[in-house]
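Here the structure is a predicted model, which means the values were calculated and not measured. Throughout, protein chains are lettered first and strands after them, A, B, ... in sequence-line order, and every chain is numbered starting at 1. Note that these values count all heavy atoms, side chains included, but never hydrogens, waters or copies made by symmetry.
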Protein chains: 2
Amino acid sequence: MLAKNNSQVQILPMKTAKKRLSEKKITLVDVANASGVSAITVSRVINQPEKVSESLRIQVQKAIDSLGYIPNQHASSLASSKSRVIGVAIPSLSNIVFTEVLRGIYEVMGANGYKVLLVDTHYSPLEEEKMIRTLLSQSPEGLIITGGDQTKACQNFLTKARIPIVQIMELLADPIDMNVGFAHGRAGYDVVKHLIGQGYERIGFIGARMDPRVQQRMQGYKLALEQMGKFDKNLIVTTPEPSSIGVGGELFKSLMASTNGVVDAVFCVNDDLALGALFEAQRMNINVPQDLAICGFNDIEAAAYVNPSLTSVSVGRYEMGVKAADMIIRVLNEKPIESRKVDMGYEIKKRVSTSRL
Amino acid sequence: MLAKNNSQVQILPMKTAKKRLSEKKITLVDVANASGVSAITVSRVINQPEKVSESLRIQVQKAIDSLGYIPNQHASSLASSKSRVIGVAIPSLSNIVFTEVLRGIYEVMGANGYKVLLVDTHYSPLEEEKMIRTLLSQSPEGLIITGGDQTKACQNFLTKARIPIVQIMELLADPIDMNVGFAHGRAGYDVVKHLIGQGYERIGFIGARMDPRVQQRMQGYKLALEQMGKFDKNLIVTTPEPSSIGVGGELFKSLMASTNGVVDAVFCVNDDLALGALFEAQRMNINVPQDLAICGFNDIEAAAYVNPSLTSVSVGRYEMGVKAADMIIRVLNEKPIESRKVDMGYEIKKRVSTSRL
DNA sequence: AACGCAAATGATAGCGCAACCATTGTGCTT
DNA sequence: AAGCACAATGGTTGCGCTATCATTTGCGTT
């Protein structure tokens with residue numbers, strides 16, 4: 001039907017027909033001509049309708065509708081150097097963690113008339129640099145990016161960009177501009193404390209992907225155990241692979257095999273791994289929580305409903321997205337923000353999987 | 001540090017300094033001056049490097065890097081009427097179904113140098129119309145949208161857009177342009193056949209959100225039972241709320257309560273609902289699959305790992321995204337496509353939750 | 001009645017880039 | 001040695017819109 005009909009354009013019989021209907025994109029000027037006003041007035045009807053008298057406004061709007069005019073955002077952005085675009089860079093599209101943050105971002109940005117240009121960095125700082133370059137070429141008015149492990153070059157042109165930037169997910173010592181996140185290390189530490197408090201002794205660790213935030217959780221785990229003289233590096237099992245329920249089951253099996261079952265608790269860096277471990281434990285007829293505690297991270301919905309229910313660390317992902325987006329909007333509107341750094345906190349949801357009877 | 005330093009601009013001491021470093025955005029012309037070539041040559045170095053001699057290319061590239069030049073995509077798009085943007089409209093960001101389709105789309109589009117502008121229509125045709133209008137104002141070179149229930153107005157300007165468009169998720173009788181999906185009605189029909197084949201008799205239905213595709217699954221369910229004279233509308237429990245594990249549990253309880261437990265199988269329109277029903281059944285001490293079969297839809301990862309494993313309908317979501325993106329790319333490159341309509345099919349993954357011993 | 005002031009509308013220029021066509025230079029053919 | 005093809009580079013123009021600065025109109029003030 002459509003799609004690349006360059007040919008059709010060339011077939012036009014010389015310069016005969018003025019312009020075949022719907023052949024050419026209609027512009028502001030077309031609308032202006034059709035409604036008998038100047039181009040700038042049409043522009044105002046679209047962008048500052050309150051500055052145009054009601055009669056004219058209606059008249060112009062009628063022309064816009066009947067012609068099916070759709071403004072060219074590129075021309076508008078070029079002329080006004082306002083793109084109404086916010087760039088967002090996340091490491092993975094398929095991770096529910098980021099999906100929910102995104103939801104928060106979209107909610108706020110949509111309500112404020114901003115489009116979101118989203119890129120996926122695949123957990124690679126180099127890819128991230130490339131992607132952020134792409135984002136910047138769209139002249140975004142603000143940027144939301146994940147974590148703090150940008151390349152030097154990237155930090156460099158980010159600083160020069162002169163737009164509000166929020167780094168999300170983790171708390172950074174020295175953010176580029178603004179920062180919203182929570183303390184992954186402390187969360188890991190607190191999880192261990194909780195397990196110890198429940199009377200578990202030999203606490204294993206299961207991790208996948210091992211991105212910076214997962215590493216921090218592991219450091220917290222390590223620190224807590226070291227402080228009690230209970231750290232044993234043999235109880236740590238990790239893989240660079242992405243997390244999944246399947247991987248969780250495999251890592252759990254491998255942990256149990258390599259430790260001959262001395263482990264009586266497992267801290268999984270996310271709920272997928274934890275569910276995998278739980279399901280695998282059930283298949284191995286290990287009694288959770290009597291013989292084994294399992295703790296996850298992120299508190300996805302399934303954690304509360306699975307049997308036995310899964311202890312997990314709840315973090316306000318949606319709220320984090322909302323907060324980050326809101327900070328950008330506030331800065332763009334020159335409203336004050338309380339702080340450049342926001343700690344969203346977390347909460348350990350204590351459930352059956354870590355409660356010895 | 002940065003963020004809205006308009007003030008700084010005005011503070012500039014008259015016209016003293018030529019231009020404070022990094023005060024003004026640097027453009028193609030700046031790069032041209034810095035490297036002693038014309039603007040158009042710089043443009044070529046960026047867009048058609050093979051047309052520039054190696055020596056010049058290196059020289060220009062050096063200037064680009066040292067100045068930290070980032071092209072203005074709006075100007076480029078305006079001048080060339082090529083945006084390198086593909087618009088994507090999905091009904092929900094938080095639904096894993098769409099997330100995986102998105103992954104496929106991003107994969108292909110990224111590899112081909114296209115950016116993705118993503119909007120969320122919240123399952124509302126009116127919102128969709130607004131959002132697609134927004135997309136079109138970015139002059140995307142192609143569009144991927146969900147389903148076929150666009151408003152008349154929307155269909156209208158979509159048809160006029162003269163760009164390749166793929167409608168995804170479901171099979172449409174009369175697509176706007178191209179179409180990739182699978183037959184939801186037939187899938188629902190086949191699920192019932194499978195349950196009957198396993199010896200289950202009274203098959204309930206649990207549905208949430210009830211978007212067009214869920215409705216089609218329900219119609220398939222209904223048709224199959226009607227053909228066997230076993231349809232009973234009292235066995236259908238639905239809600240307009242979004243799906244979730246929690247809602248699945250609630251609907252299951254309500255189904256069991258209203259039917260006094262005569263139901264011996266439940267078809268849930270997605271796996272979240274099915275997991276909710278399964279977990280709830282476990283809490284009610286109902287034996288799955290002996291006393292009750294549960295079948296989900298989408299085959300999310302948990303389905304294969306939960307105990308008992310959950311029968312579900314597997315659909316190639318990632319592949320659907322890849323396919324849709326690939327069709328767009330092919331059309332843009334004027335390569336042939338096999339067909340305007342592609343049926344991705346589906347497969348019922350028969351697992352323990354529907355296998356009577 | 002003359003003035004001023006604000007609201008409503010218009011004319012002009014330019015945002016940064018690439019399309020288009022022109023020009024120059026290089027190496028080859030005959 | 002003259003001619004030619006083609007690769008490499010540059011000048012000019014305009015994409016569609018909005019910022020900026022006029023200009024016009026209406027209306028209240030003294």
Whole angstrom value for the distance that separates [atom2] of [N] from [atom1] of [X]:
| X | N | atom1 | atom2 | answer |
| --- | --- | --- | --- | --- |
| A:L28 | D:dC15 | CG | P | 13 Å |
| A:D30 | D:dC15 | CG | P | 11 Å |
| B:N72 | C:dG16 | CG | P | 7 Å |
| B:K82 | D:dG14 | NZ | P | 20 Å |
| A:E50 | C:dA6 | CD | C1' | 15 Å |
| A:R84 | D:dT18 | CZ | P | 12 Å |

Any B:Y69 side-chain nitrogen or oxygen under 4.0 Å from OP1 or OP2 of C:dG16 |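 No, B:Y69 has no side-chain N/O under 4.0 Å of OP1/OP2 on C:dG16.
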Which residues share a side chain to side chain contact (heavy atoms under 4.5 Å, CB included) with [X], sequence neighbours left out:
| X | answer |
| --- | --- |
| A:D149 | A:P125, A:P212 |
| A:K82 | A:S80, A:E141 |
| A:T134 | B:K115 |
| A:E50 | A:Q48 |

Pairs of donor and acceptor atoms involving the side chains of residues 32-39 of chain B, under 3.5 Å and at least two apart or interchain, shall be tabulated with distances.
from  : atom 1 : to    : atom 2 : distance (Å)
B:S35 : OG     : B:V31 : O      : 2.7
B:S38 : OG     : B:T41 : OG1    : 3.2

Would you sort out whether B:K130 and B:V119 count as a side chain to side chain contact (heavy atoms under 4.5 Å, CB included), showing the intermediate values?
-> CA-CA 10 Å; B:K130 221 178 75 186; B:V119 298; over 6 Å; no
What pairs meet the salt bridge (Lys or Arg N to Asp or Glu O under 4.0 Å) rule with one or both residues in residues 318-329 of chain B, with sequence neighbours excluded?
->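 As it turns out, the salt bridge (Lys or Arg N to Asp or Glu O under 4.0 Å) pairs with a partner in residues 318-329 of chain B, which skip direct neighbours, are B:K323-B:E338.
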For DNA chain C, the residues among [range] that have a non-hydrogen atom under 4.0 Å from it:
| range | answer |
| --- | --- |
| residues 73-80 of chain A | A:L78, A:A79 |
| residues 31-47 of chain A | A:V37, A:S38, A:I40, A:T41, A:R44 |
| residues 51-59 of chain A | A:V52, A:S53, A:L56 |

Can I get a per-line list of side-chain donor-acceptor pairs under 3.5 Å for residues 103-110 of chain A, giving both atom names and the distance, sequence neighbours left out?
from   : atom 1 : to     : atom 2 : distance (Å)
A:Y106 : OH     : B:L118 : O      : 2.8

In short, the helix from C:dA1-D:dT30 to C:dT30-D:dA1 is bent end to end, axes from five pairs each side, to 10°, by 40°
Under 3.5 Å, side chain of [X] to main-chain N/O of [Y], donor-acceptor pair present?
| X | Y | answer |
| --- | --- | --- |
| A:Q167 | A:T146 | no |
| A:S76 | A:N72 | no |
| A:T151 | A:C154 | yes |

B:R330: partners by salt bridge (charged side-chain N to carboxylate O under 4.0 Å, His left out), with sequence neighbours left out |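 Expected list: none.
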Of all heavy-atom pairs linking A:T99 and B:S94, the shortest is CG2-CA, 3.8 Å
